Amino acid sequence: QVQLVESGGGLVQPGGSLRLSCAASGIIFRAYTMGWFRQAPGKQRELVARITNIGRTNYADSVKGRFTISRDNAKNTVYLQMNSLKPEDTAVYYCNAGVTNWGQGTQVTVSS
């Protein structure tokens, strides 16, 4: 049974920071590409950041230079450090493992 559990979401002001965590179980974590996606109301789910099993990363253009994805294979956990947050970053953020495995999502709201 695959389980991905996100944490770290919340309400922050523009310019603030949050660190999201995703704890994985039921997979050989070190072998999986891990990613963060987000979905705002009325919009399609979009890739935010991805990190492969060998540590290669890629980011959506909208978050480059502000967000950093990382992983700790010893803890079966992937992180998303989000800095310089903007109101347009407001969305539900989902952890993804491989192609078909998804977490429940965590709400990030950026507002004054």
Side-chain angles (χ1 to χ4, degrees):
Q1 180 174 311
V2 178
Q3 189 170 30
L4 306 174
V5 181
E6 300 101 329
S7 61
L11 173 64
V12 297
Q13 294 186 340
S17 297
L18 284 174
R19 189 195 195 206
L20 305 184
S21 298
C22 172
S25 61
I27 61 172
I28 304 175
F29 181 83
R30 66 183 182 275
Y32 274 72
T33 292
M34 302 294 298
W36 289 96
F37 290 71
R38 68 186 181 188
Q39 188 167 26
K43 295 185 177 181
Q44 294 180 309
R45 186 173 298 188
E46 64 174 348
L47 173 68
V48 177
R50 176 176 280 133
I51 183 166
T52 73
N53 62 322
I54 60 170
R56 185 184 297 271
T57 61
N58 61 277
Y59 298 89
D61 288 342
S62 59
V63 308
K64 285 180 180 177
R66 300 188 297 121
F67 291 10
T68 302
I69 189 170
S70 61
R71 65 192 297 160
D72 186 339
N73 289 341
K75 296 181 178 179
N76 287 357
T77 301
V78 63
Y79 305 94
L80 185 68
Q81 179 66 46
M82 305 186 294
N83 298 326
S84 302
L85 283 161
K86 304 174 181 180
E88 50 263 47
D89 296 318
T90 296
V92 177
Y93 284 70
Y94 296 91
C95 181
N96 169 256
V99 176
T100 61
N101 300 302
W102 296 91
Q104 80 288 348
T106 186
Q107 177 71 48
V108 172
T109 302
V110 185
S111 177
S112 298

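FYI, the numbering just counts along the sequence from 1. Remember, it's a predicted structure, so these values are computed and weren't measured experimentally.
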Quiz item: Going only through I, L, V, M, F, W and Y residues with side-chain contacts under 4.5 Å, is there a path from V48 to V5?
Solution: no

Quiz item: Hey, any chance Y59 and L20 share a hydrophobic cluster, counting ILVMFWY side chains that come within less than 4.5 Å of each other, even indirectly?
Solution: yes

Quiz item: Which value, rounded to the nearest 0.5 Å, describes the distance between T106 atom OG1 and L18 atom CG?
Solution: 8.5 Å

Self-check item: Minimal non-hydrogen separation, T77 against S21, with atom names
Solution: CG2-CB, 4.4 Å

Quiz item: Distance from L4 atom CG to F29 atom CZ, nearest 0.5 Å?
Solution: 9.0 Å

Practice problem: Using a cut-off of 6.0 Å, state whether more than 12 heavy atoms not belonging to E88 lie near its atom CD. | Solution: yes

Self-check item: Euclidean distance, Q107 CD relative to E6 CD, rounded to 0.5 Å
Solution: 12.0 Å

Quiz prompt | Side chain proximity check, T90 to S111, heavy atoms < 4.5 angstrom | solution = no

Quiz item: Quick one: side chain to side chain donor-acceptor pair (under 3.5 Å) partners of R71, sequence neighbours excluded?
Solution: N73

Quiz item: Quick one: does C95's side chain get under 4.5 Å of W102's, heavy atoms only?
Solution: no

Quiz item: Under the salt bridge (charged side-chain N to carboxylate O under 4.0 Å, His left out) rule, what pairs show up with a residue in residues 89-112, not counting sequence neighbours?
Solution: R38-D89, R66-D89

Quiz item: Is there a path of hydrophobic side-chain contacts, each under 4.5 Å between heavy atoms of I, L, V, M, F, W or Y residues, that connects I51 with L80?
Solution: yes

Quiz item: Are M82 and F37 connected in a single hydrophobic cluster, I mean Ile/Leu/Val/Met/Phe/Trp/Tyr linked by side-chain heavy atoms less than 4.5 Å apart?
Solution: no

Self-check item: Shared hydrophobic cluster, V92 / V110 (ILVMFWY, side-chain heavy atoms < 4.5 Å)
Solution: no

Quiz item: Taking the inter-plane angle between the rings of Y93 and F67 on a 0 to 90° scale, is it parallel (under 30°), tilted (30 to 60°) or perpendicular (over 60°)?
Solution: tilted

Quiz prompt | R50 side, atom CZ; T33 side, atom OG1 - distance, nearest 0.5 Å | solution = 7.0 Å

Self-check item: For the student: nearest non-hydrogen atoms of A91 and A40, plus distance
Solution: CB-N, 3.9 Å

Quiz item: Can you tell me how far CG of N53 sits from CD1 of I28, rounded to the nearest 0.5 angstrom?
Solution: 11.5 Å

Practice problem: Looking only at non-hydrogen atoms, find the nearest pair between Y32 and A97 and report the distance. | Solution: CD2-C, 3.9 Å

Quiz item: Nearest 0.5 Å, what's the CG-CG distance between N58 and L47?
Solution: 6.0 Å

